[in-house]
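Reviewing the structure listed below.
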Amino acid sequence: MKHSAWATAALAVSATLVIAACGSSTSSAPAGGSTSSSASASSTGSAATTSKFLGCMVVDTGGINDRSFNSSSWAGMQAAAATDSNITVKYLSSTSPADYVPNINTFIGEKCNLIFTVGFNLNTATEAAAKAHPSQNFAIVDCSYASGCLTGTKVTNIDQLVFNTVQDGFLGGYLAAGMTKTGKVATFGGIELPTVTIYMDGYWDGVQYYNQKHGTHVQVLGWSEQTQKGSFTGDFSNQTKGQTLTNTFISEGADIIFPVAGNVGLGAAKAVQQANAAAGSQKVNMMWVDVDGCISAATYCPYFITSVEKGLVSAVKATVLSAANGTFKGGTYIGTLANGGAVLAPYHDFASKVPASLQSELATIKAGIVNGTIQTPTKSPV
């Protein structure tokens, strides 16, 4: 199976990251006998299908090579397989929500030791399967009981990986406010989900904090944390919508754009690139989301001030390894600034462009968020 160059790079990077797995248990035995769907799985790994441990992943409709959420989760699976030769991993992509249940059932039928589902939208299908197959281990990314994504009676065979991205979103907003030349920055989402708006809340609040500290009046287009109103494209795949919406923000004066929309963000990057080409100079820049955009979408790296990331690769890797080692337990892992689960990526091409004084302020703010002296309000808690 072919996978993206980004996934290979992310796999290599993941070896340097350390995030604790969620809890421990004594069982990783799979359930069997369920009806499987007709979808065909793609697989990879260093062992054959008779490997001692089979990790399986169902991704949402953005596809395995979305250069964002799905890709980074899959890179975590691959990183686990690279670490332990007894692990084989495979995935199924969902072309529509109708594929969620059949894809999960396919993997139950194949006796996967761990079934990972990726994203808020797979909540119902994952929870139903976990209840129907209590001896089957599941894990889900960006979804938990505490956030209201899982809504039924708690079961112990779902490991929940969530990320408090209001924290690094706050840093991203502060950075954007410190870098804007027009006094206007923008953000927009793909689908209006808590896992999207939590980023946007942080970004908005970070801008307000900068204004408070510097006596400025930087505006945020596309979202308000207070009213919870803003701009969304309605999906995570239509790049044309992202390009159109970004052009609107640019025409309104925004010079830093933060799309929280997966693959739709590539349309935003195209709009930024074209705006700069038309201007004859680099007047508009942006930030990427979930993963380091300079790795996942390297063509547009010259426009990425930073990326507001989740530690997805290392968190997924740790969960797979814990299950393979027989220490899996359903619970909740929360990625934060403190544990490396919520981070700002390196500045890359902007390393010399972000003023040293602003970088110093960001380090101080990060420390304040970690120790609790700086609050990061959000109406989309993890």
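Since the model is a prediction, treat every value here as computed from it, not as a measurement.
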Sequence neighbours left out, cut at 3.5 Å: what donor-acceptor pairs do the side chains of residues 148-157 make with other protein atoms?
from, atom 1, to, atom 2, distance (Å)
Asn157, ND2, Ala130, O, 3.1
Asn157, ND2, His133, O, 3.2
Asn157, ND2, Gln136, O, 2.9

>> Listing request: all disulfide (SG to SG under 2.5 Å) pairs with a residue in residues 247-328, at least two apart in sequence or in separate chains.
In response: Cys294-Cys301
> Can you pull the disulfide (SG to SG under 2.5 Å) pairs that have at least one residue in residues 350-382, sequence neighbours excluded?
Replying inline: none
> Does Gln282 have any side chain to side chain contact (heavy atoms under 4.5 Å, CB included) partners at least two apart in sequence or in another chain, and if so, which?
Replying inline: Asn276, Asn285, Tyr303, Phe350
>> Counting C-beta onward and ignoring hydrogens, is there a side-chain heavy-atom pair between Phe116 and Asn137 closer than 4.5 Å?
In response: no
>> Do Glu225 and Val220 make a side-chain contact, defined as non-hydrogen atoms from C-beta onward lying under 4.5 Å apart?
In response: no
Report all side-chain donor-acceptor pairs from residues 183-202 shorter than 3.5 Å, counting only partners two or more places apart or in another chain.
from, atom 1, to, atom 2, distance (Å)
Lys184, NZ, Glu252, O, 3.0
Thr187, OG1, Phe258, O, 2.7
Thr197, OG1, Leu193, O, 3.3
Thr197, OG1, Ser380, OG, 2.7
Tyr199, OH, Asp290, OD1, 2.6
Asp201, OD1, Trp223, NE1, 2.9
Asp201, OD1, Gln228, NE2, 3.0
Asp201, OD2, Thr378, OG1, 2.7
Asp201, OD2, Lys379, N, 3.0

> Are any non-hydrogen side-chain atoms of Tyr333 and Asn339 less than 4.5 angstrom apart?
Replying inline: yes
>> Please check: side-chain N/O of Thr180 versus main-chain N/O of Ile256, any donor-acceptor pairing under 3.5 Å?
In response: no
> Is the backbone of Glu309 close enough, under 3.5 Å, to the side chain of Ser307 for a donor and an acceptor to pair up by distance?
Replying inline: no
>> Rounded to the nearest 0.5 Å, what separates atom OG1 in Thr332 from atom CD1 in Ile140?
In response: 11.5 Å
> Is there a side-chain contact between Phe138 and Ile158 (heavy atoms, below 4.5 Å)?
Replying inline: yes
> Can you check whether Trp288 reaches Asp292 side chain to side chain, under 4.5 Å on heavy atoms?
Replying inline: no
>> Just so I know, are the side chains of His348 and Phe304 near enough to count as touching, which here means a heavy-atom distance under 4.5 Å?
In response: no
Got a list of side-chain donor-acceptor pairs under 3.5 Å for residues 361-369, not counting sequence neighbours?
from, atom 1, to, atom 2, distance (Å)
Glu361, OE1, Tyr174, OH, 2.3
Glu361, OE1, His214, NE2, 2.8
Thr364, OG1, Ser360, O, 3.2

>> A quick test of your reading: do over 12 heavy atoms of other residues, nucleotides or ligands sit less than 6.0 Å from NZ of Lys283?
In response: no
> Are any of the side-chain heavy atoms of Leu337 and Leu171 separated by less than 4.5 Å?
Replying inline: yes
